Amino acid sequence: MGLSTDIPPTLPQSFYRRSALIVARECIGKFLVSRVGGTTTVGRIVETEAYRGPDDAAAHSYRGRRTPRTEVMFGPAGYAYVFVLYGMHHAFNVVTARRGKPEAVLIRAIQPIEGVPVMARRRRLPVGHRSLADGPGKLCQALGITKEHYGADLTQGIITITDGPRAPVVASSRVGIDYAGEWANKPWRFAERGSVFVSKVRSTSV
DNA sequence: GAATAGATTGTCT
DNA sequence: GACAATCTATTCT
């Protein structure tokens, strides 16, 4: 079956058709592949956050809020939920769970793997800069992901996620959702242990 | 290294 | 009309 042993298989829809909590954890170590603009850029996912639908005050789909923006989360798993943030940044999410359950996983940081010069150019940073994709807005810019990719099928097409070796994962609280009360403290942010490519909070002592 | 302010627009009240 | 699942430059220590 394998034409090449270099390229791991694209994750099937069944990977996404589970709880956001599980998918968020299992996404760590997988490869996010973008072919935007005909150029391939690849990053290894090192940080994610789970957003759990109607019960989660931090989720856009809290209380089942269903608008043109959140619509894709109510559909089947394995599609892209992209939204604009602070008027100038994009954030890329993977829709999880079954149809009708508006859950999603925010991809917060990737470790640049392939197409680094392209990522640097898109970020308008010199090659060798170390903050290419360590944040939700940054990775969208580096991979060329925009609103135009809202609703994209992640099991085929220009944005896909392929399997990768399992990595050690640590959980912590989510970022930038202080308004969500008790929900802000849930340990629903996942990161590869020890990765220097994660966003924000870095350990002060190493 | 840490803290702070400003950028800028789609989305919802 | 207010605010947001952020990023960057700037200021201070």
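Lettering of chains follows the sequences in order, A, B, ..., and the numbering in each one begins at 1. Just so it is clear, the structure is predicted and the values come from calculations on it, not from any experiment.
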Practice task
Quote, to the nearest angstrom, the P distance that separates dA5(C) from dA3(B).
Solution key: 22 Å
Completion exercise
To the nearest angstrom, the NE2-C1' distance between H129(A) and dA9(C) comes to 12 Å
Problem - DNA chain B contacts made by residues 43-70 of chain A, counting heavy atoms under 4.0 Å - result: R65(A), T67(A), R69(A)
Handout entry: Residues from residues 83-97 of chain A lying under 4.0 Å of DNA chain B - heavy atoms
Key = Y86(A), G87(A), M88(A)
Exercise for the section: Flag the pair V36(A) / T39(A) as yes when at least one side-chain heavy-atom distance between them is below 4.5 Å, and no otherwise. Expected result: no
Practice task
Evaluate the side-chain proximity of H89(A) to K138(A): yes if any heavy-atom separation is below 4.5 Å, no if none is.
Solution key: no
Practice task
Report the residue from S172(A), S195(A), S199(A) that forms a side chain to side chain donor-acceptor pair (under 3.5 Å) with E47(A).
Solution key: S199(A)
Exercise for the section: Using a heavy-atom cut-off of under 4.0 Å over every strand shown, decide if R124(A) touches base, sugar-phosphate, or nothing. Expected result: nothing
Exercise for the section: Describe the nucleic acid contact of R108(A) in one word from base, sugar-phosphate, nothing, applying a heavy-atom distance below 4.0 Å. Expected result: sugar-phosphate
Exercise for the section: Tell me whether the guanidinium CZ or amine NZ of R66(A) lies under 6.0 angstrom from the six-membered ring centre of F74(A) and within 45° of its axis. Expected result: yes
Exercise for the section: Quick one: name the residues clustered hydrophobically with Y79(A), using the 4.5 Å side-chain heavy-atom rule over I, L, V, M, F, W, Y, and just say none if it's on its own. Expected result: V72(A), M73(A), Y81(A), F83(A), L85(A), Y86(A), V95(A), Y150(A)
Problem - Short side-chain N/O contact from K138(A) to OP1 or OP2 of dT8(C), under 4.0 Å - result: yes
Please tabulate, for the side chains in residues 178-186 of chain A, all donor-acceptor contacts under 3.5 angstrom to protein atoms that are two or more places apart in sequence or on a different chain.
residue, atom, partner, partner atom, Å
Y179(A), OH, A58(A), O, 3.4

Exercise for the section: Scan side-chain atoms only and decide if Q156(A) and T10(A) contain a donor-acceptor pair under the 3.5 Å cut-off. Expected result: no
Problem - Donor on one side chain, acceptor on other, Q141(A) and R123(A), under 3.5 Å - result: yes
I'd like a table of donor-acceptor pairs (distance under 3.5 Å, sequence neighbours excluded) in which one partner is a side-chain atom from residues 14-22 of chain A, with atom names and distances.
residue, atom, partner, partner atom, Å
R17(A), NH2, Q13(A), OE1, 2.5
R18(A), NE, F15(A), O, 3.0
R18(A), NH1, E26(A), OE1, 3.3
R18(A), NH2, F15(A), O, 3.1
R18(A), NH2, E26(A), OE1, 3.0
S19(A), OG, L21(A), N, 3.1

Fill in the blank from the handout: Here DNA chain B, pairs taken as Watson-Crick or G-U under 3.5 Å and shown with ( ), [ ] when crossing and | when to another strand, reads |||||||.||||.
